[in-house]
Every structure is written in C-alpha cells, then in structure tokens.
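We count ligands from 1, going down the list as the structure has it; atoms in each ligand are counted the same way. The basis for the numbers below is simple: all heavy atoms, side chains too, and nothing from hydrogens, waters or symmetry mates.
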Amino acid sequence: MIKLAKFPRDFVWGTATSSYQIEGAVNEDGRTPSIWDTFSKTEGKTYKGHTGDVACDHYHRYKEDVEILKEIGVKAYRFSIAWPRIFPEEGKYNPKGMDFYKKLIDELQKRDIVPAATIYHWDLPQWAYDKGGGWLNRESIKWYVEYATKLFEELGDAIPLWITHNEPWCSSILSYGIGEHAPGHKNYREALIAAHHILLSHGEAVKAFREMNIKGSKIGITLNLTPAYPASEKEEDKLAAQYADGFANRWFLDPIFKGNYPEDMMELYSKIIGEFDFIKEGDLETISVPIDFLGVNYYTRSIVKYDEDSMLKAENVPGPGKRTEMGWEISPESLYDLLKRLDREYTKLPMYITENGAAFKDEVTEDGRVHDDERIEYIKEHLKAAAKFIGEGGNLKGYFVWSLMDNFEWAHGYSKRFGIVYVDYTTQKRILKDSALWYKEVILDDGIED
Ligand code: GBH
C-alpha cells in the first residue's frame, strides 16, 4: 500500500446538500413558495419541467439520511435552511418551519456529526421577489438580516459553522444576468446590483452574529471560484483571462478581503451598466467585515481567448482534459493553483472546500450496486491536490463532497446525478454508490491509499 495523500487527524470530512434540491414538502408546515418553485413551474426553465416538489423527500426521510451519513462516517454535514419555511411572509416568523431544522440538528448531534448550515442557498421567498425583484431591492438586506438573526437566536451555537451565502456569483450573475437560474433575468446592471446587495447582506449578517457573541461558532461565506487560464501566451489572451478571473472570482473576493471592487472590472462594467450609483458610502466597509473562514466551491477551470465583440472580451475554449456529464473539464491541478493563490493573495484564514464533486452517468447494475469509478477518480485527484496544499503549510481544514445524494440539479432537474448516494426517484430508495464506500475508507484512514 502506498499512501497517496495524508490528512491531519482533525480534518473535517463532510458531504453537502441544499434545501430546495433535496427537501420536497414544499407546501408543508407553513412553507410558502420560493423563486425556485415559481421558476421551475414556468414553461421551459428546467429540464422536462422538473421541480423540487418532491425531490429526495428529505423533509420526511431526514432520519434515514442522517443514518446514511453515519454509515459513511462523515464528521460534518453541510445543509442549507429554506428561508420561506422560516419567514413564509414578510416579518412573520414560522416556528414550525424552524422545528424541522432543530430535529435535523438533533439527529446529527446524537451521532457526533457537526452541522454546517448555509443560510441562503438560492431559495429566496417569492414574497421577497414580489417586492421589487428580491435582491434588486436594497430592502432585501434588512429581510435577510432579520431571517439570519432569527437563525442565530434559535440555533446559534448548535451550528459550529455558519455560512452566510452559497455562491453569490450564481445568485446574482447566473440568476439576474445570464437568466439560467431563478428569477431568470437577463440584465447585467441588475446582476451587479443583486451581487452588491447579496454581499452587503453577508456583511450585515456577520455584524449581527458578532453582536450576539455566539460562543464556539464561526461564520464565513462560500464562493464558487473558477480559475481562468489564457488559451495562449498572447497578451490579448492574457487580458481575456484577467477579465474572466475578474468576472468569476475577483468581483467577490476583492470586496470581501480587500474592501474594494477590482478597478479593471469597474472600468469594463461601467461601459455596460453605466453608473455604480447603487454603491453607497460605507458599503465596502460592511462587505469586508472580518470573517472566520472562507468556503471554496470548486468544480472546474476555464480557458479563454480574447474576443473583441464579447462583453467580457473573453471567450471560453474547451480545455484538453476529460469532462464530466455537465461538460465541465476535470482539472484537479487548478484546485491546487486556486488554493495557493487564495493563500498568497487573499487570506491566511482557515479554508474549507465546501463543495467539490461531479456528475456522471450512474446506473444501478445487476448486483444492485452503482460502480461510479469515475467519481472516485475525480474525488481522489482533487483530494490529492488539497493534500499537496496542506503539505506546503496551507490552511485547509475540511472537504465536503457535493453531494451526499443525487438531487434536483437546478435547471438540469433530475437529469444530472452528483451524489455519492444514488436516489431512485420512483421508490425514494437510497443506494450507497461505490464512491460512498470508498469515501468511508478515506475517512477511516484520514488519507488515500493505492
Ligand atoms: C454548485 O454550483 C451549487 O452550489 C450546487 O447547488 C449545485 O448543485 C452544484 O454546484 C453542482 O452544479 O458554467 O460551464 O462556465 C456550481 C456552479 C459550476 C458555476 C461551474 C460555474 C463554471 C463552468 N458553478 N461553473 S461553466
């Protein structure tokens, strides 16, 4: 046996999910619709019109699912809380919705699994959208902070890791700019306004959290980061990579860690969106309030060449690596590059990989199992990259596989499977894929053997 990668004994091994993607029970215990209910029920927005109405029925099966977590042996479980269960109407707290998360946390604690909770993983209450477009309305910050504060009051120190937002790039750019996610707007000015308000809501929630002095709990944010590489050594391609990096990464990292938006991007964006009059005095101080850790979601990299006609002056070109079912190039080395760069340019704070994983064509074979060797390979290579970073002194504290189980993959509906646990959507039967059994061994060994 050769040790391929070794991790510290206290490394946090986890899996991740999110509320709308797994819970179902969309009309139960007082929950009202989110923008994803509305969006998925709008013709043509999701694969075959799939919705999260039932999903993995986790709302009713959470005990069984926590049992599976125990079986895999994870140390931590990252889930998200559904805002429309907690505040089904503006200003109206719903204790019944909170009860579900209290019960879930209880089950986790009984099995020594650390709960890591994401406050916002895209299921904005429809009522908030109806008041001026949700994140477009600066009032959204107030609504979010009221919601977050309630969570801190009720769950507080039961959650050692609080994550304010999951992937603000997705909930702003993909949702208000590109239109692929709810609410499906296609307007770049709106995308940047939404991003700004989301970042502000993060900062205000961190401030509220600090004021409450919750002992033993940490707070941070999760960003999806996509390292950008130039297609050639040409200066113009390097410029394209600089803009692609600004678009995907620096627009979010810089305000959080440096207290300003990147100047090159301000200049580029101002030609498209006009004035940045939605940025008020003091906003960047709020966005850059100190956090305790950074969550990194990493799936793939981008390779770009210069394109005069495109808004970002950059056009994606396919990389040479193998692809997952999402069409995303597999590039574990880029995860290493990314972590090094974060350490060098942004922060020495603890980091967690809060999502990493892949969709492949999974099938239950005659033996009743799912032989997902490609997923094992994917996770193994990314863990090796993570271990290399740690070996060089990098402050990486944990790794969460996306996802615990197959689920509602947003615009792709149930057509893409990211789980290490297979879900049969007809029977709701769960089957541990080979990757889950393999991950169990990794956790037991705190490392990978070959
Ligand atoms: C995450 O989003 C989400 O947090 C999670 O809910 C979701 O299920 C999971 O990933 C799997 O998709 O778009 O071709 O330019 C990840 C979103 C994926 C957005 C990679 C940027 C870059 C490749 N990111 N993507 S591409």
Scan the side chains in residues 218-227 for donor-acceptor partners under 3.5 Å anywhere in the protein, sequence neighbours excluded, and list what turns up.
from   : atom 1 : to     : atom 2 : distance (Å)
Thr222 : OG1    : Thr354 : OG1    : 3.0

Using a 6.0 Å distance limit plus a 45 degree cone around the ring axis, check whether Lys313 lies over the aromatic ring of Tyr243. no
Centroid separation under 6.0 Å, is that true for the rings of Trp13 and Phe11? yes
Any residue meeting side-chain contact (heavy atoms from CB on, under 4.5 Å) with Lys258, in chain and number order, not counting sequence neighbours: Asp254, Asn260, Tyr346
Is there any protein N/O under 3.5 Å from an N/O of ligand 1, and what does the full list of such pairs look like?
from     : atom 1 : to     : atom 2 : distance (Å)
ligand 1 : 2 (O)  : Glu167 : OE1    : 2.8
ligand 1 : 2 (O)  : Glu167 : OE2    : 3.3
ligand 1 : 4 (O)  : His121 : NE2    : 3.3
ligand 1 : 4 (O)  : Asn166 : ND2    : 3.0
ligand 1 : 4 (O)  : Glu167 : OE1    : 3.3
ligand 1 : 4 (O)  : Glu167 : OE2    : 3.3
ligand 1 : 4 (O)  : Glu355 : OE1    : 3.0
ligand 1 : 4 (O)  : Glu355 : OE2    : 2.9
ligand 1 : 6 (O)  : Gln21  : OE1    : 2.8
ligand 1 : 6 (O)  : His121 : NE2    : 2.9
ligand 1 : 6 (O)  : Trp410 : NE1    : 2.8
ligand 1 : 8 (O)  : Gln21  : NE2    : 2.9
ligand 1 : 8 (O)  : Trp402 : NE1    : 3.2
ligand 1 : 8 (O)  : Glu409 : OE1    : 2.6
ligand 1 : 10 (O) : Tyr299 : OH     : 3.1
ligand 1 : 10 (O) : Glu355 : OE1    : 3.3
ligand 1 : 12 (O) : Glu409 : OE2    : 2.6
ligand 1 : 14 (O) : Trp328 : NE1    : 3.4

Lys70 side-chain N/O to Arg111 backbone N/O, donor-acceptor pair under 3.5 Å: yes
List for me each residue that meets side chain to side chain donor-acceptor pair (under 3.5 Å) alongside Tyr120, sequence neighbours excluded, and say none if there are none. Trp135
